[in-house]
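Everything on this sheet refers to the single structure shown next.
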Amino acid sequence: MPISPVPMHNESAIGYTLRFAARNGFHYLDYLLDVKTIAGIVKGSHYPAHIGKLSSLFKVSGTASLSPIFNPLFKENRLLTARVCLECVTQNGFVHEEVQNPFKFCCSEHSAPLISQCYRCSTPLTWDVGLLNGLCTNRACGMPLQLSGQATLPELTEQQVSDCIVASRYLDSPNLCSHKVSKWPKFSDYEATVLSGYRLMTQPDVAAKWLATLALTTPSWWPSNFRLLPCKKLIEDITYWPNKNIFSNYKSLLEQGIAKADCNVPVADACSLITGSANSLKRLQHEGVIPRSHTKISSRSNVNLSGLLWMLNSYRGQITNQLPLSELRNVLDYYALDMESILIGIKHERLSIIYQPGLDLAGSIFVEETELTRFGVEEFRHYRPHDVSIKKAQRLTGLSESTLRRMRKTGQLRRPRVNSHGNHDRCCFEDVIALRQAHESKQLPLKFVLE
């Protein structure tokens with residue numbers, strides 16, 4: 001009959017399993033259970049088929065996620081690699097459940113850093129019986145564990161530790177534009193990861209060096225918002241830290257850059273950069289402005305914008321009478337031109353431009369007003385949607401939103417014929433064109449014009 005220890009308060013499932021093995025005379029856990037069963041217990045998914053005689057394991061909590069904190073790098077907030085508090089194991093032979101919480105850097109009771117590797121043999125710890133005696137689980141070592149010589153951190157909240165983990169990923173990859181999300185947290189050296197992220201967030205010299213590296217690892221001919229996307233995403237991914245203001249004032253570092261880099265970004269960021277939608281990206285793919293990929297464009301996919309940037313860079317030249325698109329908003333609005341149609345026009349050589357990197361695409365594409373007007377007239381001939389939004393109608397007609405909504409009530413601006421969600425904010429395109437012509441020919445009643 002095996003000896004079944006009484007589970008301790010807040011004891012981890014794998015910690016209880018180690019005590020069970022030790023009380024029954026096993027020196028190594030794999031002498032008692034197979035690798036698959038051990039993995040199931042570590043993941044908090046211990047089922048009857050896994051646990052055999054470990055009936056008391058049912059009394060130990062086994063939830064997959066151990067923290068409500070959101071981290072963009074992994075789905076489950078549960079460490080699978082071994083960690084222990086030296087004082088907990090040497091005093092009580094006890095492994096607390098919190099050691100598997102990836103956002104716990106120190107033991108809650110002893111305020112001591114949790115150890116994840118032996119600093120004598122530099123080997124990561126594994127879940128084995130020797131941990132209960134504070135020993136290295138490398139069978140070629142087996143020496144008593146000791147704290148690392150790395151600098152200690154002040155007491156951090158779970159959210160702050162999560163921020164440090166994210167910041168460390170940016171520090172390792174300065175031009176990171178998208179996260180590769182794993183199911184479980186993975187660290188080659190957990191303590192070093194948190195410490196390096198903490199330094200990026202708190203030490204101005206480390207932050208400045210990272211920003212300088214970011215500037216040197218992106219082409220100087222990219223628009224600023226493309227080059228600064230990693231910094232923007234870092235700011236979005238973290239809470240308040242001393243260096244957050246430094247990250248916000250990075251534009252002066254963009255004078256230098258490399259000749260070539262890959263601009264592979266998540267769909268949401270791609271839509272923001274081109275000021276369009278997922279449908280805009282699909283159309284750009286269809287027209288050959290950006291390359292097709294093996295996967296369909298969705299909220300979880302990435303889009304490579306490098307080809308678009310190379311296309312624009314081929315139009316580098318001297319600016320004479322051209323103006324940036326950002327200063328030609330009245331022409332763009334009048335002919336319903338968006339960045340999607342502009343880029344396609346450039347691709348098929350129907351629009352003559354000069355490219356000079358600026359703040360964003362609209363500030364980097366220069367064109368003569370007469371040329372943009374000519375292109376707009378051609379495009380507008382083919383622009384015949386069934387309906388448009390009130391905002392779009394406002395730009396097409398030059399009338400105020402309140403005037404357009406009043407016309408909706410009087411029947412002069414009809415709703416779309418087909419009822420669908422959002423119809424309250426849309427109107428028939430043919431009515432919009434009629435209003436536009438009446439406004440231009442000064443046939444619109446004065447009370448509407450003066451509103």
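Here the structure is a predicted model, which means the values were calculated and not measured.
Side chain of Arg405 to main chain of Asp425: no donor-acceptor pair is present (N/O by atom type, distance under 3.5 Å, no hydrogens or angles).
Contacts classified as salt bridge (charged side-chain N to carboxylate O under 4.0 Å, His left out) and involving residues 125-145 (residues at least two apart or in different chains) are given here: Asp30-Arg139, Asp128-Arg139. Sequence neighbours left out, the pairs with a member in residues 283-311 that pass salt bridge (charged side-chain N to carboxylate O under 4.0 Å, His left out) are Arg283-Glu340. Residue pairs meeting the side-chain hydrogen bond (donor to acceptor under 3.5 Å, both in side chains) criterion with at least one partner in residues 267-277, sequence neighbours excluded, are Lys233-Asp269, Ser277-Ser280.
Leu273 places a side-chain heavy atom less than 4.5 Å from the side chain of Leu229.
In this view, Tyr335 satisfies the ring-ring contact (aromatic ring centres under 6.0 Å, His included) rule with no residue, not counting sequence neighbours. Contacts of Phe187 classified as ring-ring contact (aromatic ring centres under 6.0 Å, His included), with partners at least two apart in sequence or in another chain: Tyr190. A search for side-chain contact (heavy atoms from CB on, under 4.5 Å) contacts involving Gln91 returns Glu87, His110, not counting sequence neighbours.
A donor-acceptor contact closer than 3.5 angstrom is absent between the side chains of Glu98 and Asn10.
Aromatic ring centroids of Trp222 and Trp310 lie 6.0 Å or more apart. Aromatic rings from His179 and Phe74 are positioned such that their centres are separated by 6.0 Å or more.
For the residue pair Asn243 and Arg199, the shortest heavy atom distance occurs at ND2-O, 4.2 Å.
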Residue pair Glu11, Arg19: steps toward the salt bridge (charged side-chain N to carboxylate O under 4.0 Å, His left out) verdict: CA-CA 10 Å; Glu11 183 174 24; Arg19 286 202 304 120; 2.6 Å; yes

